[in-house]
**Q** 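This is the structure, below, for whatever I ask next.
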Amino acid sequence: MDHGTTAYTVQRPVNVLGIGGSTRPGSTAELALRATLAAAERLGAKGTVIGGAELVMPLYDPAERDLSRPARRLLEAVAEADALVIASPAYHGSTSGLLKNALDHIEELRTDERPYLSGRAVGCLTVAQGWQSGVATLGALRTITHALRGWPTPLGVVVNTSATGFTEDGHCADPRVREQMETMARQVVEFARMSLR
């Protein structure tokens, strides 16, 4: 009987970065982001969140060489990420200025080994008080992701706060929306794993 060795490849956990929320503590957008990252972690991913308050930084200026500490932290985390989940509240039918400014800073990664969000799955998540603004914002977020060379997951999620919310322990009260966030998390993790092979 052949007792030769078999080579097994131990795959490291994928690093999923969550970006988003608002400066309001406990914002619905950040709760939704954290719930989605928790779903990714249940699938074996390593999740990191850069939430609303951590996204407060000066307006992006391509000529500015001395980036703020929050901007540098964001760029380091994006460069290290295997996949991302980006969450924005709907502000007048589009992403918040806070989030858009943070994403504009990713221009600094244009000469990186993986420029911008190249080759990475990006789950897009929006929160709005109504479907119209939420869907418009989701479209804007997917467009931004494309422009940054990321791969939006097939499923994007809109959390309509006029129809659902979150419990005190951070769980989505609507099982259908919770299932959508879990499906999007699975798509993010599975795509990242395929990319690492």
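The chain is numbered in sequence order, starting from 1.
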**Q** Return the CZ to CG distance between Arg120 and Leu17, rounded to the nearest 0.5 Å.
**A**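 It is 9.5 Å, given to the nearest 0.5 Å.
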**Q** With a 4.0 Å cut-off on N to O distance, would you call Glu76 and Arg72 a salt bridge?
**A** no
**Q** Just by modelled atom types, is the Val14 backbone N or O under 3.5 Å from a matching donor or acceptor in the Arg193 side chain?
**A** no
**Q** Taking distance alone, no hydrogens or angles, what donor-acceptor pairs closer than 3.5 Å link side-chain atoms of residues 144-151 to residues at least two apart or in another chain?
**A**
unit_1, atom_1, unit_2, atom_2, d
Thr145, OG1, Leu141, O, 2.9

**Q** Determine whether Tyr116 and Arg110 make a side-chain contact, defined as any pair of heavy atoms from C-beta on separated by less than 4.5 Å.
**A**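 Yes, side chains in contact.
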**Q** Should the heavy atoms of other residues, nucleotides or ligands under 6.0 Å from CD of Gln132 be counted, would the total exceed 12?
**A**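 No, the 6.0 Å shell around CD holds no more than 12 heavy atoms from other groups.
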**Q** If I compare all heavy atoms of Ser22 with all of Tyr91, which pair ends up nearest, and what's the gap?
**A** CB-OH, 4.2 Å
**Q** Can you tell me how far apart OG1 (Thr126) and CH2 (Trp131) are? Round to the nearest 0.5 Å.
**A**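 If I round to the nearest 0.5 Å, the distance is 9.0 Å.
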**Q** So how far is it from Leu59 CG to Ser68 OG, rounded to the nearest 0.5 Å?
**A** 11.0 Å
**Q** Using the test side-chain contact (heavy atoms from CB on, under 4.5 Å), find all partners of Glu182 that sit at least two apart in sequence or belong to another chain.
**A**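 Only Ala39, Arg42, Arg178 meet the side-chain contact (heavy atoms from CB on, under 4.5 Å) criterion with Glu182.
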**Q** Indicate the atoms forming the closest heavy-atom contact of Ala77 with Ile50, along with that distance.
**A** CB-CD1, 3.7 Å
**Q** Do Ser27 and Glu30 come within less than 4.5 Å of each other through their side chains, counting heavy atoms only?
**A** yes
**Q** Does Glu107 CD have over 12 foreign heavy atoms under 6.0 Å away?
**A**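 Atom CD in Glu107 is crowded, with more than 12 foreign heavy atoms closer than 6.0 Å.
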**Q** Roughly how far apart are Met57 CE and His105 NE2, rounded to 0.5 Å?
**A**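 Met57 atom CE to His105 atom NE2 measures 5.5 Å (nearest 0.5 Å).
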**Q** Taking all non-hydrogen atoms of both residues into account, name the closest pair between Ser88 and Leu99 and its distance.
**A** CB-CD2, 3.2 Å
**Q** For the CZ atom of Arg65 and the CG atom of Leu67, what is their distance to the nearest 0.5 Å?
**A**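 Result: 6.5 Å between the selected atoms.
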**Q** To the nearest 0.5 Å, what is the distance between CG (Leu31) and OG1 (Thr167)?
**A**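 Leu31 atom CG to Thr167 atom OG1 measures 8.5 Å (nearest 0.5 Å).
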